[in-house]
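Keep in mind that what you see is a predicted model, and the values were worked out from it rather than measured. Basis for what follows: all heavy atoms, side chains included, without hydrogens, waters or symmetry-related copies. Chain letters run A, B, ... following the sequence lines, proteins first and then strands; every chain starts at 1.
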Amino acid sequence: MENEIRVRFAPSPTGYLHIGGARTAVYNWLFAKKHNGKFILRIEDTDTERSTEASTEGILDGLRWLGILWDEGPNLQSNNIEKHKKIALKLLSTGHAYKCFCTKEGLDARRELAKEEKRAYKYEKTCTNLTEDEIKEKESKGMPFVVRFKVPEGEGSVIFKDVVYGINEKKYEDIEDFVILRSDGSPLYLLSNAVDDINDRITHVIRGQDGLANTPRQILIYEALGITPPVFAHMPLTLDTKKEKISKRKHGEVVAVQFYREKGFIPWALVNFLVLLGWHTSDDREIFTREELIDAFTLEGVSKSNSIFNYKPGDPKFFTDPKALSINATYLRSMPVEELNVYLKPLFMNAGLWRDEYESVKKNWFNKTIDLIRSRYHTLNDFVNLGRAYFSDEFPVDEAASKKNILKHPHLKDIFPLLAERLGECPAWEISDIEATIRQFIEEKAENPGTVINGIRTVVSGQSVGPGLFELIEVIGKERVIERLKNTLVLYK
RNA sequence: GUCCCCGUCGUCUAGCCCGGUCCAGGACACCGGCCUUUCACGCCGAUAACACGGGUUCAAAUCCCGUCGGGGACGCCA
């Protein structure tokens with residue numbers, strides 16, 4: 001147990017779970033699984049202004065849907081505030097921190113001035129060397145103060161090795177004495193985060209690259225406390241096609257995990273896509289089962305450069321990154337049908353298409369039908385939208401298909417009812433008999449086979465595209481096919 | 001402005017550490033073909049990249065320097 005690997009995902013609940021965060025969670029989770037460690041979920045909710053409970057729920061929901069389950073938590077950071085304060089006070093007593101009476105207004109003004117003069121601003125350390133008496137005096141006057149961490153002075157630097165980015169060195173002189181306790185006594189992120197990591201006995205901090213610059217300061221905290229820092233591994237960021245950080249404000253729903261659930265993604269397909277955004281094996285594999293991924297995953301395979309989420313707003317063909325869609329489609333057409341049905345059932349129920357017999361007497365038919373149509377689909381939703389005609393008598397007829405395959409050939413309305421009758425006499429409802437019957441009919445009527453075949457497809461399925469006609473007819477069923485052919489006339493209006 | 005990081009096809013990336021096997025490999029997308037009286041799947045093929053400039057070397061995507069480009073961090077946010 002001493003050497004147990006412990007990692008955490010620590011989002012702040014200020015919005016839904018977005019794909020960048022989800023990817024970080026996935027990397028942590030994979031690392032834990034790979035090393036038989038623990039994956040801890042911590043909600044960093046100390047920013048009461050922006051944190052919401054709905055957001056916390058959304059994050060938990062998103063992770064559950066993805067199948068990224070945590071071993072401990074969710075721990076709310078807000079429950080640990082007293083511990084954070086206690087540590088700050090300890091730092092104060094050991095001389096690693098000091099009280100600073102500088103006002104926020106004064107600081108802001110100086111920062112602003114520095115910015116105008118295009119100078120780097122760094123806290124002047126005005127309060128570093130206040131004497132006991134000076135401090136007492138200010139306190140007795142009721143002057144508010146913050147607690148600042150005292151960065152070591154002199155030539156030294158903080159050096160650490162990031163698993164992804166390698167050796168990092170930051171000179172003490174480039175680090176400002178940062179605030180760890182607000183004037184109201186509440187702790188700040190740099191402190192809280194490090195203290196929680198200590199309390200949770202985190203061994204590996206796997207987080208976004210935006211945390212890289214925080215690391216030296218956090219290491220200073222560890223050192224001041226006499227605790228060995230965890231291993232750090234920073235992940236490259238995911239940017240949009242304009243190379244900007246992805247965010248809900250700019251990109252809307254496409255960057256929300258929830259969006260993919262609504263659009264009919266298989267959760268694992270999304271995980272598979274996400275994990276490839278910044279990580280790769282040396283061989284050519286890109287599709288992984290859960291076990292394969294856990295086995296293949298290493299932090300060393302994470303790349304240093306930021307990756308771009310290839311989403312183009314308004315693209316008529318792809319509503320998200322084409323690769324994500326492609327991976328989803330790959331799963332859709334290659335996973336065992338029974339497994340696929342687990343995802344399909346709730347969708348069918350929602351669409352009013354579900355029948356309990358799909359799991360009993362019509363189970364074989366249902367599986368066969370799903371298998372027949374799935375190679376054409378990209379999302380789970382396609383089954384209930386594009387595939388509606390297979391499961392219901394109420395289905396839309398594609399306008400273009402109707403125009404091209406039906407309206408252009410007015411005589412079809414006369415011959416299809418005859419064909420319906422002929423099919424009714426079909427000895428066995430099997431592909432070979434169906435095909436023979438139809439071909440003979442075409443020959444008798446001296447029809448163009450293409451016209452008839454495409455016409456039937458449109459009448460029977462509402463679409464101009466789909467499986468081979470005879471398979472289609474077999475699967476849709478005798479009764480329905482005859483009914484639809486007889487009603488061809490209704491399409492001419 | 002200061003500090004740090006990154007830079008291979010449109011996108012995700014392999015290769016870079018340990019120079020030659022790389023006139024740079026795979027995947028997605030795009031284009032063409034085969035299959036198919038539809039569409040998709042499948043199969044085959046095509047287009048497409050080492051940011052730029054110097055240097056080191058017999059030889060550089062790989063090593064060094066510089067330039068440019070992109071990103072991140074610089075809060076009493078997390």
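- Here A:Phe318 lies in heavy-atom contact (under 4.0 Å) with sugar-phosphate atoms only.
- For the pair A:Leu212 CG and B:rG72 C1', the interatomic distance rounds to 8 Å; values are reported in whole Å.
- As judged by a 4.0 angstrom heavy-atom cut-off over every strand, A:Lys122 is placed among residues making no nucleic acid contact.
- Side-chain atoms of A:Asp283 and A:Thr281 include a donor-acceptor pair closer than 3.5 Å.
- Rounded to whole angstrom, the span from the CG atom of A:Leu276 across to the C1' atom of B:rA14 amounts to 12 Å.
- RNA chain B is contacted by both A:Phe309 and A:Pro144; A:Phe309 maps to the nucleotide lying nearer its 5′ end (nearest heavy atom per residue).
- Counting to the nearest Å, the P atom of B:rC28 and the NZ atom of A:Lys317 are 13 Å from each other.
- Among the protein residues, A:Ser183 comes within range of the nucleic acid bases, having at least one heavy atom under 4.0 Å from a base atom.
- Spacing of P atoms, B:rA51 relative to B:rC12, comes out at 14 Å, to the nearest Å.
- Within the 4.0 Å cut-off from OP1 or OP2 of B:rU13, not a single side-chain nitrogen or oxygen of A:Arg285 is found.
- Taking a pair to require two hydrogen-bonding distances under 3.5 Å in either a Watson-Crick or a G-U wobble arrangement, B:rU2 pairs with B:rA73.
- The same atom, C1', is picked in B:rC50 and in B:rA60; the two are 11 Å apart, to the nearest Å.
- The nucleotide B:rC68 finds its pairing partner in B:rG7, both defining distances of the Watson-Crick or G-U wobble pair being shorter than 3.5 Å.
- Look at A:Ser307 and you won't find any side-chain N or O under 4.0 angstrom from OP1 or OP2 of B:rC12.
- For A:Lys323 against B:rA29, a side-chain-to-base donor-acceptor contact under 3.5 Å is absent.
- Across the protein-nucleic acid pair, A:Arg207 atom CZ and B:rG72 atom C1' stand 13 Å apart, rounded to whole Å.
- Only the P atoms considered, B:rA14 is 10 Å distant from B:rU8, to the nearest whole Å.
- Pairing partner, B:rG32: B:rC44, with both Watson-Crick or wobble hydrogen-bond distances short of 3.5 Å.
- Using a 4.5 Å cut-off on side-chain heavy atoms (C-beta onward), A:Arg333 and A:Thr330 make contact.
- Taking the six-membered ring for Trp and the full ring otherwise, A:Phe259 and A:Phe265 have centroids separated by 6.0 Å or more.
- Rounded to the nearest Å, the gap between the P atom of B:rG55 and that of B:rU62 is 15 Å.
- Taking atom C1' in both B:rG20 and B:rA29, one finds a spacing of 34 Å when rounded to whole Å.
- With P as the reference atom, B:rA61 and B:rC68 are 24 Å apart, rounded to whole Å.
- Pairing partner, B:rU62: none, since no Watson-Crick or wobble contact has both distances short of 3.5 Å.
- Contact annotation: A:Ser282 side-chain N/O to B:rA14 OP1/OP2 distance is not under 4.0 Å.
- To the nearest 0.5 angstrom, A:Gln209 atom CD is 5.5 Å from A:Asn306 atom CG.
- Of all nucleotides present, none satisfies the Watson-Crick or G-U wobble test against B:rU56 with each distance under 3.5 Å.
- Note on A:Lys104: a base of the nucleic acid sits closer than 4.0 angstrom, heavy atoms only.
- Among the nucleotides B:rC76, B:rA29, B:rG7, the one closest to the side chain of A:Ser305 is B:rG7.
- Between A:Arg182 and the phosphate of B:rC77, there is a side-chain N or O to OP1/OP2 separation shorter than 4.0 Å.
- Inspection of the A:Tyr260 and A:Asn328 side chains reveals no N or O donor paired with an N or O acceptor under 3.5 Å.
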